[in-house]
Amino acid sequence: MKIRRTISRAIGLMQSLVGGLAIFLAFLCYYNVFDVQVMLGFSIENVELYMLVFIIFGLFSIISGLFLFYEQ
Amino acid sequence: MPQPHLKRELGLLRTTMLGIGGTLSAGNFVIIGHAVGLVGYSIVPVVLICGIISLLTMLSYCELSAAIPKAGGEYTFVKVAYGGFISFVTGWFEWLSNMFYAALSSIGFAYVVSYIFPQINLPLTAVIIVILFTFINVRGMKETGTAETVITAFVLAILGTYILSGWSYTKEISISLPSSPIGLIGIFAATAYLFELYLGAEAVAAAQAEIKNPRKNIPRAIILSAIVLIALYTSIVYIAVKVVPPEVLSQQSSPIAFAADQLMGPLGGVLVTIGLAIAGLAATNEAIMAQSRVLYAMSRDGYLPKELSKIHKRFCTPYVAVVAGSVFILILTATGFINFVVYAVNLGFIVGFTIVNFSVMKLRKDAPYLERQFKTPLYPLTPIAGIATSVFLLAFIEPSVLILGLELSIIALLVYYVRMIGYARIRIAFGGISLGLGGFIVFLTYLMRNGNISLSSVSSEIATIVLYALLFVGVVQILAGVLNVTAPSRD
């Protein structure tokens, strides 16, 4: 069980970090920081849709990751 | 030993003042400038139309308040009508909207005061106001109601002076709906934008547990508030465009104070600024009170932690709910995200108004035995018109705000299911979604690797980085999914 808990913590932490980065990327895209829209080839008219997808994915990953991180 | 409970201390006058005071936010008099820019002289009928649209739903509030005299407002009505997730979502949006409204009012207050004292720190001033009214709300309804009555009476006296001066102004204007600079779309956009003007009066329903003879006093207070507000706002904007041309008015940061300055001299401008600043205080007070009562009701019903429904032994107020909500309000206020706050307020209330109108119709059908001392006139046309106009206004809200609404709904869904169904089942659900997402991302990576999906618009280095990042994310999601699905149960 100790090994499982260690793996769960590590994967949970990674998943939460991925979620946080996805939300961060959403805001980078929306405000076009560092010209991210051009760098990733996102069309300006669809930026809000990308933002929505990234934020939902990010929130989901953070919550799922926290479930694993705090596994009893 | 009897449990502490909320006291019924507010009569008709103070309840009506609560409704008017909650609506007269300082921010409302600032956003009029932008709307004037959209529709020109047609601002007068637009404000009138907004009032009538609001009144349609207020009649539904009257019927439900008279039939279901319990604290919680919309949330309680919808709980009786639908129960379950719909009532939770209504309460959730009502709570969020009131918190956003409190933040908006306090920030609006700071902006208005800066007209006279430009050297003040705006976020700090707004934060101090929130702390002050949190303390007043913890102290008790008597203090809250008295403060609200005094503040509202003072503001009405100042605005009354402005209106009386304006009616004696001799210049005449011609008002017709098609005079909008950008046509009918501009009229609709301004109506959706100014919908916020009349928000706040419905908060009377949230304070039912503290109002004397609520079955009679609440419907009367809501209708009285609505009529006074329609007359007040229409007169204010009529006089503003009568005194100052719309193209000049729309450029002002505080358009009504500017109009008063032109009409009554510098003293008039200062007087109206003081009035609007005080209105900001009243609206902040009202919104803090309303959010705490919704939080209290949701906690009482088990949707949120029980600590939030604790009543103070000495002051008989839901002090934990007051303080908890105020913490969020303080954070919002300190950030100063005013646009985010305005959009969230409008969307939340439009959603709430729509569900309230549906609740009236459902209860008429499912619970005809309910004692209704007030009935919505012209039923079912009135609630149907309320729903139609609310849904129509949604079409003119900015898409980014609708996305925000969707995100808040998803969070509400998560909170509801985490509270209502077992921890293990939630984890299995999350695990399943993780597996699906991970599988999809890995498949996407495979297609990109084989050139079925091309990243032609980006450089090859960036495409390689994206490919490996996606693969990593996909693998993490699959592993997390497996671990969550196979997690040991602790239910």
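Numbered from 1 within each chain, the chains take letters A, B, ... in sequence-line order.
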CZ/Phe328(B): more than 12 non-hydrogen atoms of other groups inside 6.0 Å: no

Chain B contact residues among residues 53-60 of chain A, heavy-atom distance under 4.5 Å: Ile55(A), Ile56(A), Phe57(A), Leu59(A), Phe60(A)

Residue part contacting chain A, namely of Ile441(B), when any heavy atom lies under 4.5 Å: side chain

Toward chain B, the part of Leu21(A) with a non-hydrogen atom under 4.5 Å: neither

Distance (rounded to the nearest 0.5 Å) between Ile63(A) CD1 and Ser434(B) OG: 11.0 Å

Taking every non-hydrogen atom, the tightest pair across Ala487(B) and Arg4(A): CA-NH2, 3.3 Å

Chain A contacts, top residue of Asn484(B), Val473(B), Val476(B) (heavy-atom pairs, under 4.5 Å): Asn484(B)

Qualifying residues under side-chain hydrogen bond (donor to acceptor under 3.5 Å, both in side chains), relative to Gln291(B), sequence neighbours excluded: Trp95(B)

Leu479(B) vs Gln15(A) side-chain heavy atoms within contact, under 4.5 Å: no

Contact origin within Leu437(B) toward chain A - heavy atom pairs under 4.5 Å: side chain

Check: Phe67(A) and Leu483(B) side chains under 4.5 Å, non-hydrogen atoms: no

Atom pair OG/CD1 of Ser64(A) and Ile433(B) - distance to nearest 0.5 Å: 8.5 Å

